[in-house]
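We name chains A, B, ... by the order of the sequence lines, and we start the count at 1 in each one.
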There are 2 protein chains.
Amino acid sequence: MEAGAAAPEPPSVRQQAVLDAVLALMVEGGDQLTMDAVARRASCSKETLYKWYGDRDGLLTATVRWQASRVHAGREAVQTLDGTTLREHLQDFAVSWLTVITSRTSVALNRIAVAHAGSRKSNLGGIVLANGRFAIGERVKPVLEAGRAAGLLAFADSESAFRTFFGLVGRDIQIRLLLGEALDLDADEIRRDADRAVDQFLALYGQANT
Amino acid sequence: MEAGAAAPEPPSVRQQAVLDAVLALMVEGGDQLTMDAVARRASCSKETLYKWYGDRDGLLTATVRWQASRVHAGREAVQTLDGTTLREHLQDFAVSWLTVITSRTSVALNRIAVAHAGSRKSNLGGIVLANGRFAIGERVKPVLEAGRAAGLLAFADSESAFRTFFGLVGRDIQIRLLLGEALDLDADEIRRDADRAVDQFLALYGQANT
DNA sequence: TATCGAGCGTACCGTACGGTACGGTACTGG
DNA sequence: CCAGTACCGTACCGTACGGTACGCTCGATA
């Protein structure tokens with residue numbers, strides 16, 4: 001998947017404030033995301049907005065990238081891997097993924113990106129995919145492969161195994177949220193959900209010694 | 001989930017043609033879905049559109065319901081259920097669900113509904129959920145329960161079991177499509193995917209005699 | 001044949017919003 | 001103290017689109 005032209009330069013503090021204003025407006029309801037509203041909320045002039053971001057799409061793109069840059073956790077290398085640490089890693093991934101996709105910000109952002117994917121031009125959808133679904137895939141797959149190398153997991157294709165993991169974790173959550181269902185999970189429910197998903201994944205792909 | 005006021009009366013043939021025009025325009029790109037474009041495409045006057053559907057939202061709502069009315073397959077009763085027929089039933093569900101969510105029409109419609117869910121008012125999202133995710137849930141759960149009654153499956157909560165099935169079938173397909181990835185599956189891939197999902201589901205919930 | 005309603009096509013209105021222009025202000029460097 | 005820069009606030013422009021009004025045709029009914 002093409003992420004669509006690398007980010008040019010990191011936003012200044014003032015620019016970050018503007019992008020946060022955009023995020024806030026997104027969360028408050030997708031339809032009030034006008035350039036006027038952004039300028040008012042961020043206490044800046046529209047002219048500045050256009051100077052910094054070119055046009056509305058540029059502003060949206062910068063916002064998506066800004067949010068993505070905050071979500072990325074560092075990818076720590078996996079060295080020792082026994083049944084317990086593998087399980088912990090997977091649980092961490094599941095919890096953080098569920099936390100992300102159930103957050104108001106993510107829901108709002110994904111709504112914008114999905115809507116944008118309908119009308120071509122400037123693919124926010126691609127950026128969101130690259131920084132969401134694909135980014136976590138690239139982080140999980142090494143763990144799965146390390147698990148296989150340690151004899152803890154068995155699968156032929158790590159991509160396919162990851163997709164199953166993804167499905168077991170997310171189930172119907174994301175589409176229900178995107179379509180407007182209330183359904184807010186607290187940290188406990190997320191943890192239980194993650195536990196269940198990891199249990200099921202290990203039941204499918206785990207070797208005896210887990 | 002509230003479906004949002006039952007459908008008033010079935011559309012006339014002429015009205016169906018109008019709604020099909022709306023669907024066609026949705027598929028061609030979400031942004032050209034203007035009342036003018038619909039009137040032109042359907043060879044009718046805007047005044048008629050407003051007379052029949054009240055306003056733009058009414059037209060969209062009618063379109064979503066119209067599409068939903070076409071997707072609903074009859075729910076046949078489940079009587080005899082052995083391991084083979086259970087598997088067949090689940091495979092049928094998986095195939096038809098994958099076929100639906102990968103169809104251009106469904107993607108376009110879901111995009112509209114998701115976008116609409118951002119700005120409150122007239123929840124298309126609720127209607128889509130009710131006729132998609134929840135409708136299939138209500139059709140699958142009786143089968144799961146029959147499978148449990150026949151000693152073929154083991155689970156405590158059929159809703160939860162269904163959600164796992166849903167996740168195993170859909171995985172990341174829907175979100176990737178909604179976010180604009182190309183990814184078109186042909187009938188063969190769908191069938192293989194459905195097979196895999198059913199295998200995995202039975203591995204998790206099946207009793208020995210499957 | 002006269003009347004009537006349904007509906008097509010087109011013209012029109014109001015407004016919201018993307019984008020631009022411009023005056024005013026504060027800070028920076030010489 | 002002056003020039004330059006960056007930016008705020010506001011006014012402005014053009015257009016696209018939701019919604020309305022109106023004249024016309026056509027088929028049905030008496």
Point to revise | Geometric class of the B:Phe166/B:Trp97 ring pair [parallel <30°, tilted 30-60°, perpendicular >60°] | key: tilted

Check your understanding: Under the 3.5 angstrom rule, does the side chain of A:Ser160 hit a backbone N or O of A:Asp157 as a donor-acceptor pair?
Key -> no

**Study point:** Rounded distance in Å - CE (B:Met35) to P (C:dC8)
**Key:** 13 Å

Point to revise | From C:dG19, D:dC8, C:dC8, nucleotide with atom closest to B:Cys44 side chain | key: C:dC8

Point to revise | Proximal nucleotide (of D:dG9, C:dG18, D:dG19) relative to the A:Ser45 side chain | key: D:dG9

Exercise for review: Starting from C1' on D:dG19, measure out to CG on B:Leu59 and report it in whole angstrom.
Suggested key: 13 Å

Practice item. Could you tell me which non-hydrogen atom of A:Lys141 sits nearest to which non-hydrogen atom of A:Ser158, and how far apart they are? Key: CD-OG, 3.5 Å

Revision key, fill the gap. Closest to the side chain of A:Lys51, out of C:dG18, D:dA6, C:dG9, is D:dA6

Point to revise | Atom-pair distance (CG on A:Leu49; P on D:dA6), nearest Å | key: 17 Å

Review point. Separation of A:Tyr50 atom OH from C:dC17 atom P, in whole Å?
Key: 12 Å

Practice item. Nearest whole angstrom, please: distance from the P of D:dA16 to the CZ of A:Arg56. Key: 16 Å

Review point. For D:dC8, does either OP1 or OP2 sit under 4.0 Å from a side-chain N or O belonging to A:Thr48?
Key: yes

Review point. A:Trp52 side chain N/O closer than 4.0 Å to the phosphate oxygens (OP1, OP2) of D:dA6?
Key: no

Check your understanding: Could you state the CG-C1' distance from A:Asp36 to D:dC13, rounded to the nearest angstrom?
Key -> 13 Å

**Study point:** Atom-to-atom span, OH of B:Tyr53 to P of D:dG19 - whole angstrom
**Key:** 15 Å

Exercise for review: Check every strand shown and say whether B:Arg40 touches a base, only sugar-phosphate, or nothing at a heavy-atom separation below 4.0 Å.
Suggested key: nothing

**Study point:** salt_bridge(A:Arg191, A:Asp188) N-O dist < 4.0 Å
**Key:** yes

Point to revise | Backbone of A:Glu28 reached by a side-chain donor or acceptor of A:Gln32 within 3.5 Å | key: yes

**Study point:** Most 5' of B:Lys46 and A:Gln32 on DNA chain C, judged by nearest nucleotide
**Key:** B:Lys46

Exercise for review: Would you mind telling me which of C:dC8, D:dC8, C:dG19 lies closest to the side-chain atoms of A:Asp55?
Suggested key: C:dG19

**Study point:** Distance, rounded to the nearest Å, where B:Gln15 contributes CD and C:dG7 contributes C1'
**Key:** 12 Å

